[in-house]
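Report on one structure; see the data block that follows.
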Amino acid sequence: MRTSQFLLSTLKETPADAEIVSHQLMLRAGMISKLAAGIYTWMPLGLRVLRKVEKIVREEMDAAGAQEVLMPAIQPAELWEESGRWAKFGPELLRLTDRHDRTFCFGPTHEEVITDMVRRNLRSYRQLPANFYQIQMKFRDETRPRFGVMRAREFLMKDAYSFHLDADSLADTYERMRQAYCAIFDRTGLTYRMVEADTGSIGGRASHEFHVLADSGEDAIAFSNDSDYAANVEMATSLISDAQLDAPEQEIQRVATPGKRAIGEVAEFLGLPLDKVLKTLLVKGAESPVVALLLRGDHELNEIKADKLPELASPFEMATEEEVRVAAGCTPGSVGPVELTVPILADHAALQMADFVCGANSDDEHLTGVNWQRDLPLATGVDLRKVVAGDASPDGKGILNIARGIEVGHIFQLGETYSQALGATCLDEQGKDRVLTMGCYGIGVSRVVAAAIEQHHDDRGIVWPQALAPFEIALVPINMRRSELVRETTEKLYADLMAAGYDVLLDDRKERPGVMFADMDLIGIPQRLVIGERGLAEGNVEYKQRSAESSKDIPLVEVMERLTAG
RNA sequence: CGGGGCGUGGCGCAGUCUGGUAGCGCACUUGACUGGGGGUCAAGUGGUCACAGGUUCAAAUCCUGUCGUCCCGACCA
């Protein structure tokens with residue numbers, strides 16, 4: 001491709017409404033163009049990258065035995081009523097009415113459609129297991145679309161659905177998908193982690209998320225420094241430490257803490273570290289009106305874990321100020337477990353505190369020097385908190401680090417939720433009708449593009465991994481219009497590289513070198529060859545990797561082999 | 001959903017408070033010079049000032065409403 005025939009719509013200035021670097025760079029590089037909130041046109045440069053991701057995904061899905069289909073973006077409401085999701089889905093579901101007053105939605109996902117396709121077309125266990133995928137635009141009417149294509153309303157997604165007669169078959173395909181996902185993300189050249197994930201309301205046994213690591217990621221991931229263990233922070237279990245409980249040294253004492261409500265204020269006021277202060281949260285209970293949750297002051301409640309406790313109301317909800325007043329007789333800031341008459345659940349770490357501070361169940365007062373067993377009975381220990389960096393890895397190997405990640409893939413075992421609701425069945429070997437069990441596997445294709453930039457950029461622009469780059473090699477001739485030699489050499493190189501199968505971008509614009517360099521850097525072409533008279537006089541061209549600090553001269557005659565060598 | 005900001009040429013912004021013929025930088029066009037990291041000079045193109053209504057002799061500017069867009073928040077005691 002020649003720049004003279006390619007829309008290179010680069011900007012020097014950063015558009016004001018782009019918050020994160022991938023969004024800024026995608027706009028500046030001219031990859032995307034905004035049409036409305038969360039809705040973007042993929043321009044030629046951006047589309048090339050999107051297609052690279054798609055190609056990798058498609059190849060690996062095919063290799064893993066999945067069959068490609070393409071389902072409608074517009075889906076009839078009836079189908080969603082059958083699955084029960086027409087009512088369940090909120091305003092995120094974009095609903096439409098056609099001229100005949102029939103109701104539709106723009107598909108945010110395709111479980112219903114695929115299950116319908118399967119129930120109409122699959123009859124026999126001989127056709128199973130079957131795994132279908134598509135790469136398609138979805139629409140979710142997010143409350144607050146942001147970060148460009150990272151969290152867009154319209155986005156390109158690969159979704160796959162597998163169908164099985166039994167759980168073993170599902171587990172087989174699930175494992176195959178897990179491996180296919182690893183192959184896919186390996187090939188992108190991105191640094192990622194596969195993590196254990198919350199199966200959420202959908203249920204099912206196994207669930208893994210794939211996260212591209214980047215500081216701007218919206219999710220926190222905990223992973224061991226000494227094993228393969230990795231989990232969403234929401235999911236990571238905290239190990240019960242076997243450390244001995246320190247013996248009490250202080251007497252229990254009531255102290256005034258006027259106006260100190262937040263745990264940090266109390267600790268600061270008393271001149272104590274956060275981990276000496278016990279945090280008491282009152283939440284709505286399942287059977288009693290409120291339940292107290294105890295955490296060490298420096299730990300945070302993991303609501304996902306709390307939500308799963310049978311003692312608590314589901315969904316998880318904090319008690320109101322009035323409920324706190326009724327149960328503890330004080331404002332939320334002064335609640336403590338001593339002589340509290342509601343059910344108490346304590347995080348394991350909270351049970352190992354000694355001589356700690358807690359609320360006194362009286363406004364503006366706290367207790368110091370509190371100790372388990374002596375001053376109050378040992379509470380029931382549960383896993384309540386979010387893990388923090390430095391915690392022991394739950395598999396017993398190494399300690400946990402925490403990194404930010406961008407969720408780009410999610411696989412999970414769906415079970416019979418949709419096949420049951422829609423009546424997707426097949427005959428088994430005995431000729432009996434059996435409800436199919438399903439797996440579901442997604443990849444946010446357009447999000448991968450943004451995630452790649454979040455992970456690979458510098459102050460000059462994008463630094464594409466070779467596998468995702470819109471072009472692999474940039475040819476930058478210096479003074480092509482004045483020098484016959486430069487022009488001929490460049491044209492020959494261009495033809496040779498194209499013939500060798502490279503995606504090459506020849507910058508044949510009538511621009512000054514600085515402009516060409518800046519543009520090639522901004523759009524992130526991983527390799528660059530500069531052809532100038534100066535170098536050619538020595539028989540050299542200048543080679544530079546986008547990620548490298550400096551360039552080096554290489555003999556023109558060796559260019560082809562040097563590039564092939566990487 | 002709640003709160004806040006912003007809508008002025010393709011992009012970034014000034015002008016709004018204090019009403020009086022719409023400006024700057026970048027980009028774009030043409031020419032000259034220049035020619036290895038966003039160059040210089042000159043001449044140009046391009047704007048119903050988001051939209052609707054109102055006040056006024058006069059509205060980008062004041063008032064009312066609508067729409068768009070961005071940010072923050074949705075309760076860790």
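Owing to the predicted nature of the structure, the values given are computational and were not obtained by experimental measurement. Chain identifiers are assigned alphabetically (A, B, ...) following the order of the sequence lines, protein sequences preceding nucleic acid strands; residue numbering begins at 1 within each chain.
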Query raised in the report: Choosing from B:G37, B:G35, B:C13, which nucleotide comes nearest the side chain of A:R482?
Result: B:G35
Query raised in the report: Heavy atoms under 4.0 Å, any strand shown: does A:V530 hit a base, just sugar-phosphate, or nothing?
Result: base
Query raised in the report: Does some side-chain heavy atom of A:I523 sit less than 4.5 Å from a side-chain heavy atom of A:L45?
Result: yes
Query raised in the report: Does B:G7 pair with anything, Watson-Crick or G-U wobble, both distances under 3.5 Å, and if so, with which nucleotide?
Result: B:C67
Query raised in the report: Does a nitrogen or oxygen in the side chain of A:K34 sit under 4.0 Å from OP1 or OP2 of B:C70?
Result: yes
Query raised in the report: If you pin A:R534 and A:R146 to their nearest nucleotides in RNA chain B, which one's is more 5'?
Result: A:R534
**Report entry** P atoms of B:U8 and B:G15, separation to the nearest Å
**Finding:** 14 Å
Query raised in the report: Contact class for A:R481 vs. all strands (heavy atom < 4.0 Å): base, sugar-phosphate, or nothing?
Result: nothing
Requested in this report: Please give the nucleotide sitting opposite B:U45 as a Watson-Crick or G-U wobble pair, both distances under 3.5 Å, or none.
Outcome: none
Report summary line: Partner of B:C62 under the Watson-Crick or G-U wobble criteria, both distances under 3.5 Å, comes out as B:G54
Report task. Have a look at A:P332 and say if it touches a base, only the backbone sugar-phosphate, or nothing, with a 4.0 Å heavy-atom cut-off. Result -> base
Query raised in the report: B:C76, B:C11, B:G39: which one has an atom nearest the side-chain heavy atoms of A:R512?
Result: B:G39
Requested in this report: Examine B:C11: is either OP1 or OP2 under 4.0 Å from a nitrogen or oxygen in the side chain of A:K12? Give yes or no.
Outcome: no
Query raised in the report: Are the charged groups of A:K279 and A:D298 less than 4.0 angstrom apart, N to O?
Result: no
Requested in this report: For A:D363 and A:S334, test the side chains for any donor-to-acceptor distance below 3.5 angstrom and give the result as yes or no.
Outcome: no
Report summary line: Answer for the Watson-Crick or wobble partner of B:C33, both distances under 3.5 Å, is B:G39
Report summary line: Any strand, both distances under 3.5 Å, Watson-Crick or G-U wobble: B:C24 pairs with B:G12
Query raised in the report: Any idea how A:W372 and A:F356 line up, ring-wise: parallel (<30°), tilted (30 to 60°), or perpendicular (>60°)?
Result: tilted
Query raised in the report: Which base, if any, makes a Watson-Crick or G-U wobble pair with B:C17, both distances under 3.5 Å?
Result: none
Query raised in the report: Would you call A:D508 and A:R487 a salt bridge, using N to O less than 4.0 angstrom?
Result: no
Report summary line: Paired to B:G2 by Watson-Crick or G-U wobble criteria (both distances under 3.5 Å) is B:C72
Requested in this report: Have a look at A:V266 and say if it touches a base, only the backbone sugar-phosphate, or nothing, with a 4.0 Å heavy-atom cut-off.
Outcome: nothing
**Report entry** Among B:G37, B:G35, B:C26, the one nearest A:E13 by side-chain distance
**Finding:** B:C26
Report task. Return the nucleotide paired to B:A77: Watson-Crick means purine N1 to pyrimidine N3 with N6-O4 or O6-N4, wobble means G-U with N1-O2 and O6-N3, both under 3.5 Å. Result -> none
